[in-house]
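Remarks on the structure that follows.
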Amino acid sequence: MRTVALRPGEESIRLGQLLKLVDAVPTGAQVKDVLLTGTVRVNGEPEERRGRQLRKGDVVSVAGMEDVRVS
């Protein structure tokens, strides 16, 4: 499982930002398309909102990629 640390002073990161950070999507414009396919899960639940706030301990799963934990 890959770990992505929040920047100092941050308490959360948006799902769309995280997907770009871990190269799950090449551009921000494609985030919505990936989310609509139903292949993205947050803590085991399907997620379609790119603005979803992720906090420490959340786990994001994208089909075909290693899971990512926010720390």
Side-chain angles (χ1 to χ4, degrees):
M1 180 176 295
R2 181 174 174 182
T3 302
V4 172
L6 294 173
R7 287 186 257 176
E10 286 187 340
E11 293 185 16
S12 65
I13 184 172
R14 287 186 176 91
L15 179 57
Q17 291 173 316
L18 181 80
L19 293 175
K20 289 187 296 183
L21 185 66
V22 300
D23 296 323
V25 293
T27 66
Q30 293 174 324
V31 169
K32 187 174 182 179
D33 294 336
V34 170
L35 291 172
L36 291 176
T37 65
T39 60
V40 178
R41 294 182 173 268
V42 176
N43 300 325
E45 298 293 323
E47 184 58 71
E48 294 181 351
R49 298 171 293 162
R50 67 179 177 197
R52 162 83 184 258
Q53 294 291 322
L54 303 171
R55 303 194 187 291
K56 290 182 180 181
D58 284 340
V59 176
V60 177
S61 304
V62 180
M65 292 188 67
E66 181 179 15
D67 288 355
V68 177
R69 180 181 304 276
V70 178
S71 66

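Residue numbers run from 1 in the order of the sequence given. No hydrogens, no waters, no symmetry mates; every other heavy atom, side chains included, goes into these values.
Listed by first and then second residue, the side chain to side chain donor-acceptor pair (under 3.5 Å) pairs involving residues 62-71 are Ser61-Asp67 (not counting sequence neighbours). Residue pairs meeting the side chain to side chain donor-acceptor pair (under 3.5 Å) criterion with at least one member in residues 33-43, sequence neighbours excluded: Thr37-Thr39, Asn43-Asp58.
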- Message: Checking Leu15 against Leu35 for the side chain to side chain contact (heavy atoms under 4.5 Å, CB included) test, could you report, in this order, the C-alpha distance in whole Å, the side-chain angles of both residues, the deciding distance, and whether it holds?
- Response: CA-CA 10 Å; Leu15 179 57; Leu35 291 172; 3.7 Å; yes
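Val68 places none of its side-chain heavy atoms less than 4.5 Å from the side chain of Leu21. Put simply, the side chain of Val62 does not reach to within 4.5 Å of the side chain of Val22, judged on heavy atoms.
Atom CZ of Arg52 and atom OG of Ser12 lie 11.0 Å apart (nearest 0.5 Å). Between the CE atom of Met65 and the CG atom of Asp23 there is a distance of 7.0 Å, given to the nearest 0.5 Å. In this structure, CD on Glu11 lies 10.5 Å from CD on Gln53, to the nearest 0.5 angstrom.
Under the side-chain contact (heavy atoms from CB on, under 4.5 Å) rule, Val70 has a single partner from Val4, Leu6, Val59, which is Leu6.
Within 6.0 Å of the CZ atom in Arg14, the count of heavy atoms belonging to other residues, nucleotides or ligands does not exceed 12.
Between Thr27 and Lys20, the shortest heavy-atom distance links the atoms C-CD, 4.1 Å.
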